[in-house]
Amino acid sequence: MIRASFFFSNMAAGALQLAVALLSLFSAVLSFPLGPETKHTTTCGYESCHATKPNMLNVHLVPHTHDDVGWLKTVDQYFYGDRNDIQHAGVQYILDSVVDQLLKNPDRRFIYVETAFFYRWWKRQSSSAQQTVKQLVNEGRLEFVNGGWCMSDEATTHYSAVIDQMTIGLRFLNETFGACGRPRVAWHIDPFGHAREHASMFAQMGYDGFFFGRLDYQDRMHRMVQKEQELLWRASDSLTPPTADLFTGILPNGYNPPEGFCWDQSCDDPPIRDDPDLEDYNVDDVVMRFLTIANSQATVYKTNHIIMTMGSDFQYENANLWYKNLDKLIHYVNAQQANGSKVNVLYSTPSCYLQELHRANLTWALKTDDFFPYADSAHDFWTGYFTSRPALKRYERISNSNLQTCNQLEVLGGPASRQGPFGEGESQTMKKAMAVAQHHDAVSGTEKQHVANDYARRLANGWQRCQVLVSNSLAALSGSSAKRIYCDNLNISVCPLTESSKKFSVSVYNPLARPVTRPVRLPVNGTAYAVSDANGKAVDCQVSTREVRRNRGFAVNELVFQVQAPPLGYSTYSVSLRQAGPRPASAQPGAPTVIQNKFLRVTFDPDTGLLSSLSNLETKQSIKLTQNFYWYNASDGNNLESNQPSGAYIFRPNSSTPFVISRTAKTETIQVQFPHMVQEVRQWFAPWVSQVVRLHGDSRALELEWTVGPLPIDDGLGKEVITRLDTSIKTSEIFYTDSNGREVLQRKKDFRPTWNLMQSEPIAGNYYPINSRAFIKDDVDQLTVVTDRSQGGGSIHNGSLEIMLHRRLLYDDVRGVAEPLNETSNIFPEGLVVRGRLLLSLDPPSVAADAHRPLAQEVVMQPLLTFTNGDLSPNTRLEFSGLQAALPPAVHLLTLTQWDKDSVLLRLEHQFQSWESKVNSQPVTVNLQKLFSTLDVLGMSELNLSANQWKDEMMRFSWTSLPLTDGPLWLDPSTWEVTLRPMEIRTFLLRVSLR
Ligand SMILES: *[C@@H]1O[C@H](CO)[C@@H](O)[C@H](O)[C@H]1NC(C)=O
Ligand SMILES: *[C@@H]1O[C@H](CO)[C@@H](O)[C@H](O)[C@H]1NC(C)=O
Ligand SMILES: [Zn+2]
């Protein structure tokens with residue numbers, strides 16, 4: 001084993017690089033004098049903090065800018081300061097100006113957050129400017145906080161994509177600045193509510209603390225009174241404390257400066273006029289106002305330290321305004337100490353403030369739930385964005401799946417995947433597009449329409465480049481360089497190749513670490529086909545008439561067959577047109593009363609055509625289940641109680657009773673030749689709402705494929721469309737949602753775990769984000785719904801679960817985006833049509849997670865189909881798996897991606913919570929050397945979750961709350977066996993070579 005040398009060579013190289021860095025720093029100091037008072041130090045991090053005064057109230061002024069990675073303008077428009085007619089904002093000027101101003105006074109501090117912008121700026125700087133910036137970073141004068149590519153949304157993101165975007169940003173900072181570039185503090189000052197899973201991830205990324213700005217207004221009032229705006233968040237019920245413990249601070253004024261102290265060019269507050277010879281000398285007034293604010297802020301926090309965020313959206317473009325006044329403020333306020341003032345004000349950063357809180361050695365409140373939903377006043381619940389822009393949300397999710405496939409195939413195909421018969425493939429564009437899409441105005445759906453289009457365009461560009469890589473890799477693995485064709489519009493049954501070809505093959509790549517079986521549905525124009533698998537064996541297939549798709553595509557039929565794909569691998573199926581065969585199955589009017597396979601039985605009400613019951617035939621359990629579609633009439637703002645309309649952010653129905661779209665569904669049923677393959681019932685509720693109820697032969701889940709839109713607005717009413725499942729399950733007002741696709745949280749109607757809620761919006765105030773699944777249960781039955789994208793939902797009535805699918809609104813909701821959420825496009829001039837799937841399963845609660853955890857991962861990381869036309873050359877390898885064996889059911893292979901020439905990044909995850917499953921909530925051990933079929937693992941070392949720190953160097957502040965149990969025991973790294981405990985994600989850098 002050469003592994004040990006991997007470790008040591010790594011550390012030795014680190015030490016060497018440090019020495020080189022110190023040398024180059026020294027020369028930098030000589031050639032770039034940094035101002036008269038410069039101390040030539042290389043102290044960054046906590047050691048670079050300004051001294052504070054123990055017997056005074058210390059006010060930490062944090063100069064900062066909040067730079068959205070796209071919102072009213074695209075990320076590139078923001079960077080350059082383009083389209084200032086939309087919003088005056090130019091990030092390049094901010095960084096230019098701040099660096100100049102920092103050089104003028106070594107006491108000054110600045111924090112920078114969004115690496116997507118910093119990276120754009122950095123690569124356009126001269127090497128001497130880069131040296132100057134390095135010096136500022138090394139002295140702690142410019143400090144990175146958060147440091148991900150963007151500041152992710154917390155409600156609508158999936159953990160997989162969040163970890164990836166943090167990794168990209170933090171890796172750039174580490175590679176550019178080394179240890180001094182590593183952020184100590186997570187900083188989510190703007191996201192609209194806070195997910196527990198985000199806190200858990202931040203803890204595992206090594207952050208010492210976390211600050212944010214927005215929380216429910218009642219929660220804030222309560223915490224101010226209790227002095228609990230700073231707390232310890234225990235963000236996992238499964239990971240051993242303190243693994244997922246994160247110190248969390250709530251900022252005093254969102255992320256804005258105190259009233260009257262905004263000195264940006266975008267503000268109108270009076271500057272400090274300190275010439276006593278001039279008329280409007282105002283120093284006394286400024287000092288007095290400041291002392292009043294500081295002393296009052298101190299009454300709602302626990303220590304003799306308080307923080308003030310001196311900046312806001314896109315501020316500091318002309319940083320001189322801010323710094324000149326801040327210098328004076330500090331000078332004049334502190335001058336009062338000579339007259340007995342007990343207030344000490346200083347330039348600071350969030351980490352310096354955090355260090356003082358840590359030193360205070362207090363006992364902090366403990367929190368174990370999350371910060372959803374967020375309301376900023378009684379009728380203003382930010383629960384609409386859980387669903388806003390459902391097509392973008394789905395595209396983002398599918399892009400994540402495609403990116404993971406692209407990453408895996410880059411590793412498995414080796415160097416040939418980057419340069420091959422199809423040109424130069426690369427995954428960087430897609431990685432960055434996905435990273436940008438995690439921003440809190442991207443996948444959240446709270447951006448302007450042209451910006452949403454820009455995010456989608458970036459994802460499409462990224463995917464095009466990944467396609468080259470995927471084609472190259474599959475060519476290398478299969479030995480066939482036949483041209484690969486992609487059908488990205490299969491979701492609307494469009495694929496020109498399958499619609500016209502007489503003979504083609506389809507390869508199914510499965511990015512999961514265990515085999516999957518799933519049906520493939522292809523649009524075709526023939527009536528009979530023969531399908532064979534990788535071993536040449538005939539596969540049952542069925543042709544049926546296509547459902548109505550409003551004249552999109554040209555196929556008249558659909559070919560369905562079942563495929564199986566091995567773990568981290570592909571299987572290839574051949575399809576050829578036959579001269580004759582059975583007539584395509586056609587739809588017969590009317591619903592059957594029942595469809596069933598060996599696991600599930602589904603009944604329909606003969607009068608209404610609606611679903612009426614669901615039974616699990618294995619466990620012999622059965623529930624009443626009625627499903628229908630409804631719409632809430634969006635508030636238009638003309639209301640006695642409040643003038644708040646529904647909009648991109650806010651959900652505010654005009655009435656708590658939604659309109660039913662139709663009491664009955666017009667239905668038809670597909671007659672099947674192979675009932676063990678698929679049975680389908682098609683339902684129409686309105687010209688703009690239809691659904692296919694599908695039961696696949698070997699599936700334990702019932703599929704509801706909904707199609708909603710264009711939502712009619714000619715009646716002048718905004719609409720928020722839901723589907724509601726009403727069941728006989730006795731839920732006592734409780735339901736469950738996942739947090740960013742990982743741990744599950746309990747939700748109770750009109751209830752918040754840490755304060756007495758005064759409920760003022762009976763529907764919107766009971767909505768929560770659903771990222772991948774939600775469920776309702778009683779002692780006997782659990783109905784789980786797996787979603788294919790993030791959506792909002794609630795359980796308003798006992799036994800009921802509703803999910804919001806689509807929204808179309810006519811008014812802006814006055815939170816800044818200044819556009820009504822009314823999506824139209826060239827293809828959808830009458831309004832956006834959206835299609836998606838819900839997967840329903842019914843199980844006893846004690847085993848439900850065993851079914852829905854893997855099911856949800858299958859939807860998140862779905863197989864990728866690639867096509868080749870005509871015959872394949874005889875030597876083509878038709879099946880391949882990158883693993884020696886499937887991983888155990890509890891283990892999810894979260895990440896496999898090329899890191900540098902010789903090493904790959906691997907994340908293995910235990911995907912069960914500790915209490916969830918008798919069989920699966922046990923620790924599992926995996927041998928890293930026996931993992932891959934085509935890679936030799938030569939060396940390995942463990943990293944933190946975001947891969948910017950070696951695990952054994954990871955040290956975090958410890959905090960006192962309730963008594964803590966012992967920390968987790970990390971396995972001896974001298975073994976290849978790694979053990980994963982419930983909900984644990986472990987990150988490894990593996991040095992590998994292709995066999
Ligand atoms: C923190 O406080 C505890 C008592 O609550 C004390 O035992 C401990 O020594 C203190 N630690 C420091 C570093 O002051
Ligand atoms: C961080 O970057 C330094 C070089 O700047 C490198 O030596 C070190 O290995 C990196 N750390 C990680 C965890 O990649
Ligand atoms: Zn923002």
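Atoms within each ligand, like the ligands themselves, are counted from 1 in listed order. All residue numbers in this chain count up from 1 along the given sequence.
Taking each heavy atom of Leu943 and Ala947 in turn, the nearest pair found is CB-CA, 3.9 Å.
Ring geometry for Phe212 against His194 counts as parallel: the plane angle stays under 30°, on a 0 to 90° scale with 60° as the upper cut. Using the six-membered ring where Trp is involved, His188 and Phe210 have ring planes that are perpendicular, over 60° apart on the 30 and 60° scheme. Classified by interplanar angle (parallel below 30°, tilted 30° to 60°, perpendicular above 60°), the ring pair Trp959/Phe247 is parallel.
Nearest to atom 13 (C) of ligand 1 among the protein's heavy atoms is Asn361 ND2, 4.4 Å.
Nearest to atom 11 (N) of ligand 2 by heavy atom, out of Leu170, Thr176, Asn174, Asn944, is Asn174.
With ligand atoms numbered from 1 in the order given, ligand 2 contributes 13 (C) to contacts under 4.0 Å with heavy atoms of Gln949. Here is the list of ligand 2 atoms found below 4.0 Å of a heavy atom in Gly178: 5 (O).
Taking 2.8 Å as the threshold, His439 does not count as a candidate ligand of the Zn ion (ligand 3), since none of its N, O or S atoms lies below it. Residue contacts to the Zn ion (ligand 3): Asp190 brings an N, O or S atom closer than 2.8 Å.
Rounded to 10 degrees, the OD1-metal-NE2 angle spanning Asp68 and His440 at the Zn ion (ligand 3) equals 90°.
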- Query: Do Trp149 and Tyr119 pass the ring-ring contact (aromatic ring centres under 6.0 Å, His included) test, and can you show the C-alpha distance, the side-chain angles, and the key distance before you say yes or no?
  - Reply: CA-CA 9 Å; Trp149 205 246; Tyr119 165 84; 5.2 Å; yes
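A salt bridge does not link Arg184 with Glu143: none of the charged nitrogens is closer than 4.0 Å to a carboxylate oxygen. The existence of a salt bridge linking Asp380 and Arg815 is confirmed by a sub-4.0 Å separation between a basic side-chain nitrogen and an acidic carboxylate oxygen.
The only option from Arg234, Lys367, Arg956 that meets the salt bridge (charged side-chain N to carboxylate O under 4.0 Å, His left out) definition with Asp245 turns out to be Arg234.
Residue-level proximity to ligand 2 for Leu943 is carried by the side chain, the only part with a heavy atom below 4.0 angstrom. Within the 4.0 Å heavy-atom criterion, neither part of Arg171 lies near ligand 2.
Within a 4.0 Å radius of atom 5 (O) of ligand 1, the protein has no heavy atom. In this structure, atom 2 (O) of ligand 1 has a protein heavy-atom contact shorter than 4.0 Å.
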